[in-house]
A.B. asks: 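Below is one structure. I have some questions about it.
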Amino acid sequence: MHIDYRDVPAATALTTPGTLAVFGFGANAPAAPTDPRYLQVALPALGRAPLECWQVDADVSHGHAGDIAWAQGGGLQFGALEIADDGDVEAAAAHAYTRLRHWLASSAYAHPLRIWNYLDAITEGDGDAERYRRFCVGRARGIGRELAPGELPAATAIGHPQRTGRMQLYWLAAQQAGTPLENPRQVQAWRYPRQYGPQPPGFARALLPPSLRMPLLLSGTAAVVGHASQHHDSLDAQLGEILANLHSLIDTARHSRLALPPSLGSGTRIKVYVRDAKSLAQVDAVLAARLPTVPRIVLHGHVCRHELLVEIDGSHE
Ligand code: 3EB
């Protein structure tokens, strides 16, 4: 599978052979077509964002199954689910992940490689009542059992800057399991100490897919070293720390896949989530200077700790 950022109409992207999924970002995203492969992500973008397109080298079938939109081909499945979130985010997450668990169990694509979660007001609430912490509790309840480290998907969890009243969940699943990776600079998220909430988040820092024809999948990566947030007051320093974390993940992945390029480059794709709307242009300029060959989409989104100003996820090959 390849991931591309394309500046074309959604209809063009959807008629390209082998298109598994197409994502539009921000208010300028095309009005949602009814094609289940198209998802409008409810995060504002800097400027007019391109479409994110997932391509496989195979025929793709697609459909709706109740509240799930799906597409499959080439051993991979895209799925998306939207759940009403009336304020009880724990219940919404438990419901969404129960639905996802049943869906995966009844499907030939049983292995989630990568999951994205977009929810409202992620850092609202104090202490263990914070919505991200409640989300983690509900997610674990919906998954229903403790996942072994070798089963963890790569993931992103980001807050909508405006209330939407819904939780968006989408995923990439495969017929074969991939290899979850951890970052030696960071504590495994599933081992975060109690101070971050009653339920550590169940995700791996990256995942190497089962096929050599797929990129390394990078989880949402912030300026976290060990388990602690770094550089609370400096966006530039947080970006530097994130790039160090991403390079560390690539180093780790190269132990098992030496053919991966050692640095972020033209085969990398990144999505950048920036907390403060006023900082989007600054972040864009820093990344244009530091990673001139890396295609990026810059979005206004809230990271799950107050002090984290920016997070980056993406893919690398
Ligand atoms: C962090 O390092 C940042 O809860 O699924 C990144 C990726 C983060 C995924 C999740 C959270 C999640 O802890 C937060």
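Just so it is clear, the model here is predicted, and its values are computed rather than measured.
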A.B. asks: Is there a side-chain contact between Ile158 and Leu43 in this structure, where contact means two heavy atoms from C-beta onward sitting under 4.5 Å apart?
C.D. replies: yes
A.B. asks: I'd like to know if Arg6 pairs up with Asp4 as an ion pair, taking the criterion as any Lys NZ or Arg NE/NH1/NH2 lying under 4.0 Å from an Asp or Glu carboxylate oxygen.
C.D. replies: no
A.B. asks: Under 3.5 Å, side chain of Thr19 to main-chain N/O of Gln55, donor-acceptor pair present?
C.D. replies: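 Looks like no, no N/O pair under 3.5 Å.
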A.B. asks: Please say whether more than 12 non-hydrogen atoms of neighbouring residues, nucleotides or ligands are located less than 6.0 Å from CD in Gln195.
C.D. replies: yes
A.B. asks: Which residue in the set Arg275, Arg305, Arg131 passes side chain to side chain contact (heavy atoms under 4.5 Å, CB included) when paired with Thr123?
C.D. replies: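 The side chain to side chain contact (heavy atoms under 4.5 Å, CB included) with Thr123 is passed solely by Arg275 among Arg275, Arg305, Arg131.
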A.B. asks: Of all the heavy-atom pairs spanning Ala121 and Arg163, show the shortest one and how long it is.
C.D. replies: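 Heavy-atom minimum between the residues: CB-NH2, 3.7 Å.
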A.B. asks: Compute whether any side-chain donor of one residue and acceptor of the other, for Asn183 and Ser248, lie under 3.5 angstrom apart.
C.D. replies: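 Per modelled atom types, Asn183 and Ser248 side chains form a pair under 3.5 Å.
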A.B. asks: Only one of Lys271, Arg296, Arg269 forms a salt bridge (Lys or Arg N to Asp or Glu O under 4.0 Å) with Glu52, so which one is it?
C.D. replies: Lys271
A.B. asks: Give a yes-or-no answer on whether the side chains of Glu317 and His2 include a donor-acceptor pair shorter than 3.5 Å.
C.D. replies: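 The answer is yes; a qualifying pair exists.
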A.B. asks: Can a donor-acceptor pair be found between the side chains of Glu82 and Gln168 at a distance below 3.5 Å?
C.D. replies: yes
A.B. asks: So, do Tyr196 and His227 sit near enough that their side-chain heavy atoms are less than 4.5 Å apart?
C.D. replies: yes
A.B. asks: Would you mind reporting whether Leu113 and Pro210 have side-chain heavy atoms less than 4.5 Å apart?
C.D. replies: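 Yes, their side chains come closer than 4.5 Å.
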A.B. asks: Should the pair Arg48-Asp7 be classified as a salt bridge under the 4.0 Å nitrogen-to-oxygen rule?
C.D. replies: yes
A.B. asks: Taking the side chain as every heavy atom from C-beta outward, state whether Leu46 and Val274 have any pair of such atoms under 4.5 Å apart.
C.D. replies: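 Counting from C-beta outward, Leu46 and Val274 never come under 4.5 Å.
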A.B. asks: Testing the basics here: between Phe25 and Ala49, what is the closest heavy-atom pair and its distance to 0.1 Å?
C.D. replies: CB-CB, 4.2 Å
A.B. asks: Is there a donor in the side chain of His111 and an acceptor in the side chain of Gln176, or the other way round, less than 3.5 Å apart?
C.D. replies: no
A.B. asks: For a side chain to side chain contact (heavy atoms under 4.5 Å, CB included) with Thr221, tell me which candidate from Val310, Asn245, Thr156 qualifies.
C.D. replies: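 Per the side chain to side chain contact (heavy atoms under 4.5 Å, CB included) rule, the option paired with Thr221 is Asn245, out of Val310, Asn245, Thr156.
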A.B. asks: Would you call Tyr109 and Trp70 a side-chain contact if the rule is heavy atoms closer than 4.5 Å?
C.D. replies: no
A.B. asks: Going through the distances and angles, do Arg133 and Asp126 end up as a salt bridge (charged side-chain N to carboxylate O under 4.0 Å, His left out)?
C.D. replies: CA-CA 10 Å; Arg133 297 186 185 192; Asp126 294 325; over 6 Å; no
A.B. asks: What pair of heavy atoms forms the shortest contact from Arg114 to Gly220, and how long is it?
C.D. replies: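 Residues Arg114 and Gly220, closest heavy atoms: NH2-N, 4.0 Å.
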A.B. asks: Is it true that atom CZ of Arg254 has more than 12 heavy atoms of other residues, nucleotides or ligands lying nearer than 6.0 Å?
C.D. replies: yes
A.B. asks: Of Trp171, Tyr132, Tyr170, Tyr97, which meets side-chain hydrogen bond (donor to acceptor under 3.5 Å, both in side chains) against Asn117?
C.D. replies: Tyr97
A.B. asks: Is the gap between the ring centers of Phe23 and Trp54 under 6.0 Å?
C.D. replies: yes
A.B. asks: Are Arg166 and Asp86 ion-paired here, with the side-chain N under 4.0 Å from a carboxylate O?
C.D. replies: no
A.B. asks: Do Tyr38 and Leu14 have side chains that approach each other closer than 4.5 Å (heavy atoms only, starting at C-beta)?
C.D. replies: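 Contact flag for Tyr38/Leu14 side chains = yes.
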A.B. asks: Just by distance, no angles: are the side chains of Gln199 and Trp190 close enough, under 3.5 Å, to form a donor-acceptor pair?
C.D. replies: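 No, no side-chain donor-acceptor contact under 3.5 Å.
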